[in-house]
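The block underneath contains the structure these notes are about, expressed in structure tokens.
Numbered from 1 within each chain, the chains take letters A, B, ... in sequence-line order. The structure displayed is predicted, hence computed values, not measured ones.
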Amino acid sequence: MTPEELSAAITSCLKDAVDAGELTVPADALPREVRVERPKSREHGDWATSIALQLAKPAGVPPRKIAEVLQGRLAAIPGVSKVDIAGPGFLNVTVDAAAAGGLAKAIVEAGASYGTNTGMAGTRINLEFVSANPTGPIHLGGTRWAAVGDSLARIFQSQGADVTREYYFNDHGNQIDRFARSLLASAKGEPAPEDGYGGAYIEDIAKEVMSNTPDILSCADPQEEFRAQGVELMFASIRASLHEFGVDFDVYFHENSLFEDGAVEKLLEQLKASGNLYAKDGAWWLNSTGFGDDKDRVVIKSDGHAAYIAGDIAYFKDKRDRGFDLCIYMLGADHHGYVARLKAAAAAMGDDANRVEVLIGQMVNLVKDGVPLRMSKRAGTVVTMEDLVDIVGTDAARYSLARFSSDSNIDIDLDVLTKKSNENPVFYVQYAHARTCAVGRNAAAAGVERTAFDAAALSHPTESELLAVLGQYPGVLTQAAAFREPHRVARHLEVIAGAYHRWYDACRVTPMGDDAVTDVNRTRLWLNDAVGQVLANGLSLLGVSAPERM
RNA sequence: GCCCUCGUAGCUCAGGGGAUAGAGCGGUUGCCUCCGGAGCAACAGGUCGUAGGUUCGAAUCCUAUCGAGGGCACCA
């Protein structure tokens, strides 16, 4: 029995009690779903609900009275062995081992699909993340979004959503010009321009362009040539880094294309016609304050060039035209000012601002010897995605970035990284998975097979705990998707791994010495394999491997 | 000045109205005669930044305040 199943059963008990006139509760006070929780103390049963406390006020009845009404009905739920009323009115439910244990077999049979859901089926989501400018390699900040964004995409998919991973490739405008000028300067052996980019990668790219086009410096517009080739090379290198990191985008969208195919122009006409674009001081402004922004935004500058937001608006329209219901943007905290403007842009076009969802993630800081370190190219403290992967490997990098809430700043200690000392919980989880495999191998050698299954045999306290956390896994995925918080998955895997290690310590799968193989051994093998399955499922949602040996 | 996020164990962080606030790392002490010790058990360690408020109940929600980080362009 999973917590969801119990929750559904309790919800219908409550409804029955109301229908039978045993309780009078206003309809709007009845929860659609009665939440059950795993109590902290085992003395409080397997699952608990505070529904009686919540209904006391709207029903106008003391909570313990409500609990008493529900107690008998809950006790009649198949698989429930005991229902206690505790404290102010908690209902503590104990499930019998046979009902709880059935989950082990169900998980093994569900395999890779255990935990998946169809709650988001039919939703087309465009998830845009990373979108780093092609003027240099992806550094730590972008690496965090690559890990979190890709996991989020996988989690959405596990809930049945149709997800497109998209990278907005910003190849239009000033930054690119600086990049081109920096390449040109490097090629000529001149120092990097004041507002340009330095670093070894600039030299490397300049050299590569030179070797591809030896007479480049004498062509009509060398800077343009460096721009075109340089962007392509940088782009290829970014894609390669992402691929090595296990992140492959479905669409790499070129900002330039919006300007080349006239989408921006068409859109501006549309906005002018709608009256949401007005002229002032020689520029064209979007009336974004009318839609919740804190100031109006220039869309066409007085020099006649489009401002950045022009591309954003056209891009959003393009996404909607491609049929996405929800456009999610993952941005760093340094871009939080965009939230209002992106939503305003959508609204100005007559679309629903709720189609735009912006996830803001806090910064990644480097720390050395306990003091924050500014990332600086000159000081050699820029850490790129490739650096991180080289030092700790993809699994550790992805896991350590995905296990934190995006709301919190994270500090990455250079010393810890370079020591490669693995204080990373990914190993704790991976080790648990490898251990399930080792136990499986030993079981096979000892002749223990998954022939018989006796759910009631899983009666040890560590087994009941392990079954409970396995049962919570699908709900954790649903929550992770609903809150857009992949770190919940990682945290729950750590909980499962802990429960597994404790179980391993207390309960043997293969018999001791020459003891005979019994159904207890066979049943435990099901549980062991179920744990391995759930850990593998969860790790794959994080883009982390589930090794059979370490 | 205005806006966003954070403040929880020595450190890094979970905890999105419930019972005695948790994990990893670090510290102390135990556990290898049998499925992997990258593990397990026990102990130590907390005014949940501060002050009010809502509630039967607040680390959690609201307000104020202090501290940290990040924003507030006819830059992209």
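Here, A19(B) and G10(B) have their C1' atoms 29 Å apart, quoted to the whole Å. Spacing of C1' atoms, U60(B) relative to G45(B), comes out at 24 Å, to the nearest Å. Rounded to whole Å, the separation between the P atoms of C13(B) and U29(B) comes to 29 Å. Using atom P as the reference point in both G1(B) and G27(B), the two lie 45 Å apart (nearest Å). The C1' atoms of U54(B) and C75(B) are separated by 45 Å, rounded to the nearest whole Å. Nucleotides U33(B) and G37(B) are separated by 12 Å at their P atoms, to the nearest Å. Using atom P as the reference point in both C34(B) and A38(B), the two lie 15 Å apart (nearest Å). For the C1' atoms, the distance linking C62(B) with G16(B) amounts to 15 Å, nearest Å.
Across all strands, H172(A) comes closer than 4.0 Å only to sugar-phosphate atoms, never to a base (heavy-atom distances). Contact annotation for I410(A): backbone-only contact, meaning every heavy-atom pair under 4.0 Å involves sugar-phosphate atoms and none involves a base. Nucleic acid contact class of T510(A) (heavy atoms, under 4.0 Å, all strands): base. Within the nucleic acid shown, A445(A) has no heavy atom closer than 4.0 Å to any nucleic acid atom. Across all strands shown, R35(A) has heavy atoms under 4.0 Å from sugar-phosphate atoms exclusively, and none from any base. In this structure, D296(A) reaches neither bases nor backbone, as no heavy-atom distance under 4.0 Å exists between it and the strands shown. R488(A) comes within 4.0 angstrom of a base, heavy atoms only. E37(A) comes within contact range of the sugar-phosphate backbone alone, with a heavy-atom separation under 4.0 Å but no base atom that close. Among the heavy atoms of the strands lying under 4.0 Å from C507(A) is at least one base atom, whether or not backbone atoms are also near. No engagement by G87(A) is indicated, since no non-hydrogen atom pair under 4.0 Å with the nucleic acid exists. Residue contacts shown for R508(A) include a base, since a base heavy atom lies under 4.0 Å away. The residue I360(A) sits apart from the nucleic acid: no heavy atom pair falls under 4.0 Å. The residue E494(A) sits apart from the nucleic acid: no heavy atom pair falls under 4.0 Å. Counting any heavy atom pair closer than 4.0 Å across all strands shown, S405(A) reaches sugar-phosphate atoms only and no base atom.
Checking G17(B) for Watson-Crick or G-U wobble geometry (two distances, each under 3.5 Å) identifies no partner in any strand. Both distances falling under 3.5 Å, in either a Watson-Crick or a G-U wobble arrangement, place G69(B) opposite C4(B). Base pairing of A41(B): its partner is U29(B), meeting the Watson-Crick or G-U wobble criterion (both donor-acceptor distances under 3.5 Å). Look at A23(B): its Watson-Crick or wobble partner, with both distances under 3.5 angstrom, is U12(B). A51(B): Watson-Crick or G-U partner is U63(B), with both key distances under 3.5 Å. With both pairing distances under 3.5 Å, A58(B) is matched to nothing as a Watson-Crick or G-U wobble pair. Nucleotide G36(B) forms no Watson-Crick or G-U wobble pair with any nucleotide shown, as no partner meets the under 3.5 Å limit on both distances.
Note: OH (Y504(A)) to P (C31(B)) measures 18 Å, nearest angstrom. Summarising the geometry, the separation between NZ on K40(A) and C1' on U60(B) is reported as 12 Å, rounded to the nearest angstrom. Straight-line distance from the CG atom of L53(A) to the C1' atom of C56(B): 8 Å, rounded to whole Å. Rounding to whole angstrom units, CG of residue D312(A) and P of C74(B) are separated by 15 Å. The separation between K280(A) atom NZ and C74(B) atom P is 10 Å, rounded to whole Å. Rounded to whole angstrom, the span from the CZ atom of F404(A) across to the P atom of G24(B) amounts to 14 Å. A straight line from CG of L331(A) to C1' of C4(B) spans 12 Å, rounded to a whole angstrom. The nearest whole Å value for the distance from the CG atom in L55(A) to the P atom in C56(B) is 15 Å.
Closest to the A438(A) side chain, of the nucleotides U5(B), G36(B), G24(B), is G36(B). Considering only side-chain atoms of E485(A), the nucleotide from G15(B), C13(B), C40(B) that sits closest is G15(B). In the set A14(B), C40(B), C72(B), the nucleotide with an atom closest to the side chain of S408(A) is A14(B). Proximity note for D505(A) (side chain, C-beta onward) versus C13(B), C40(B), U5(B): the nearest is C40(B). Checked against G18(B), U5(B), C13(B), the side chain of F90(A) finds its nearest nucleotide in G18(B). Out of G70(B), C13(B), G36(B), the shortest distance to the side chain of A333(A) is found at G70(B). Listed nucleotides C74(B), U20(B), G70(B) differ in distance to M363(A); the shortest reach to its side chain belongs to G70(B).
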- [ ] Give the C-alpha distance, both sets of side-chain angles, the deciding distance and a yes or no for side-chain hydrogen bond (donor to acceptor under 3.5 Å, both in side chains) between N92(A) and H44(A).
- [x] CA-CA 6 Å; N92(A) 294 334; H44(A) 295 145; 5.0 Å; no

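Look at R524(A) and E463(A) and you find a salt bridge, because one of the NZ, NE, NH1 or NH2 atoms lies within 4.0 Å of a carboxylate O, short of that distance. The pair K319(A)-E166(A) does not meet the salt-bridge criterion, since no charged nitrogen lies less than 4.0 angstrom from a carboxylate oxygen. Under a 4.0 Å N-O distance rule, the pair E33(A)/R35(A) does not qualify as a salt bridge.
Here the side chain of D395(A) pairs a donor or acceptor atom with the backbone of S545(A) at under 3.5 angstrom.
If you take CZ on R341(A) and OH on Y308(A), they are separated by 10.0 Å, rounding to the nearest 0.5 Å. Atom CG of N528(A) sits about 10.0 Å away from atom OG1 of T510(A), to the nearest 0.5 Å. Residue S131(A) holds its OG atom at 8.0 Å from CG of L331(A), rounded to the nearest 0.5 Å.
Taking the ring centre of Y197(A) as origin, the terminal cationic atom of R178(A) falls outside the region bounded by 6.0 Å and 45° from the ring axis.
Of the residues near RNA chain B, L91(A) and R297(A), the one whose nearest nucleotide (by heavy atom distance) lies more toward the 5' end is L91(A). The 5' end of RNA chain B is approached more closely, in terms of each residue's nearest nucleotide, by K57(A) than by the other of K57(A) and D281(A).
Per the stacking criterion (ring centres < 5.5 Å, plane angle < 30°), H44(A) stacks onto the base of A19(B). An aromatic stacking contact between Y431(A) and the base of G39(B) is absent, as defined here by ring centres under 5.5 Å apart and ring planes under 30° from parallel.
At a cut-off of 3.5 angstrom, counting only N and O atoms as typed in the model, there is a donor on one side and an acceptor on the other between the side-chain of H336(A) and the base of G70(B).
Among all heavy-atom pairs drawn from I309(A) and L286(A), the shortest one is CD1-CD2, 4.4 Å.
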